[in-house]
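Each ligand, and each atom within it, is numbered from 1 in the order the structure gives.
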Amino acid sequence: MYFRVIDDARSSAIGYLLADPAAQQAVVVDPPPGQEALIRALLDERGLHLQCVVRTHVHRPDHADPGGLCAHSGACCVVGEGAESGSAVQRVRHDDSLVFGDEVLHVLSTPGHTPHCVSYLWRDRLFCGDVFDVGGCAVGDSESDPALLYDTLTQRVFLLPGETLVFPSHRLKGRTVSTVAEERRRHAQLTGRSRESFVTEMGFRRLVRPHLARALERPAEG
Ligand SMILES: [Zn+2]
């Protein structure tokens with residue numbers, strides 16, 4: 001197997017290149033905008049053929065559209081069912097599988113951050129987009145649904161084995177990798193409540209956060 005993190009400091013987005021080197025087949029998860037040349041160089045360097053560009057979620061407007069990368073390589077562009085995307089796409093749903101060489105990506109429906117978020121489970125690794133950016137991703141606010149996010153966390157992601165490695169599409173408290181067990185602990189206070197309490201807390205954070213951000217930007221008086 002081949003696994004390469006594509007961490008784009010400028011956009012703070014993180015993507016992942018996975019491959020079966022023997023079969024020379026590769027998949028890219030959430031390629032960060034502006035990293036197409038690097039991805040193409042990595043593929044060329046190893047003689048890999050890009051099968052799919054898979055995306056955990058799509059925001060509106062879609063600034064991260066990887067249509068160029070798909071068109072150049074002939075790869076299919078994969079999004080969750082219902083997600084809007086400008087590129088020619090293959091839509092996937094929960095329990096679908098994507099095969100590259102002898103490797104398999106399993107699709108998990110993980111809505112909440114956006115209505116059509118999906119995550120991809122590969123071996124012991126979960127590529128989960130912004131599932132764990134609870135109350136922290138301003139760009140997702142208008143599309144997020146806290147009730148769905150509660151179900152995704154408690155009934156899907158946290159049921160995976162604790163040692164499952166978690167790879168987000170943005171840093172988690174400064175880190176690029178975590179585990180399901182760590183995230184269970186980190187969110188225990190929030191997800192240990194009822195679904196209704198979780199929704200109320202998320203609504204409160206959404207209201208308070210813009211005021212807090214403005215207050216922090218304001219120069220100190222005196
Ligand atoms: Zn997002």
Side-chain angles (χ1 to χ4, degrees), residues 5-17 27-36 39 52-67 69-70 77-87 89 91-94 105 107-121 125-154 156-158 165-178 180 183 186-187 190-191 198-199 201-203 205-210 212-213:
V5 177
I6 301 160
D7 190 351
D8 182 47
R10 202 180 42 161
S11 66
S12 83
I14 309 173
Y16 305 92
L17 176 59
V27 165
V28 180
V29 182
D30 286 337
Q35 293 296 314
E36 188 179 326
I39 293 167
C52 303
V53 175
V54 304
R55 303 181 71 188
T56 54
H57 64 294
V58 179
H59 284 296
R60 291 188 302 258
D62 185 9
H63 295 301
D65 184 355
L69 185 60
C70 293
C77 185
V78 176
V79 297
E81 198 172 46
E84 286 176 30
S85 174
S87 312
V89 294
R91 296 179 193 282
V92 287
R93 59 173 72 177
H94 187 67
L105 274 185
V107 179
L108 277 73
S109 172
T110 51
H113 175 63
T114 70
H116 309 292
C117 282
V118 290
S119 296
Y120 301 92
L121 187 64
R125 288 144 210 241
L126 181 72
F127 304 97
C128 60
D130 288 333
V131 159
F132 288 113
D133 201 358
V134 179
C137 178
V139 73
D141 271 2
S142 60
E143 300 163 74
S144 70
D145 182 330
L148 284 179
L149 184 59
Y150 180 85
D151 295 340
T152 283
L153 290 173
T154 59
R156 189 140 289 157
V157 177
F158 289 162
L165 295 167
V166 165
F167 291 95
S169 63
H170 292 95
R171 288 171 182 272
L172 295 169
K173 301 277 180 194
R175 289 179 307 152
T176 53
V177 62
S178 180
V180 165
E183 294 309 312
R186 195 158 75 87
H187 294 88
L190 269 176
T191 53
F198 181 88
V199 171
E201 173 65 24
M202 288 298 106
R205 289 184 184 201
R206 192 181 293 179
L207 272 177
V208 165
R209 199 178 333 124
L212 190 63

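Note on His170: not counted as a metal contact of the Zn ion (ligand 1), no N/O/S atom lying under 2.8 Å.
Using cut-offs of 30° and 60° for the angle between ring planes, the Phe167 and Tyr16 rings count as perpendicular.
Checked against the Zn ion (ligand 1), the N, O or S atom of His113 at the shortest distance is NE2. Asp130 has its closest N, O or S atom to the Zn ion (ligand 1) at the position named OD2.
Residue Arg10 places its CZ atom among 12 or fewer non-hydrogen atoms of other residues, nucleotides or ligands, all under 6.0 Å distant.
The closest side-chain heavy-atom distance from Val157 to Thr152 is below 4.5 Å. No side-chain heavy atom of Asp130 sits less than 4.5 Å from a side-chain heavy atom of Thr56.
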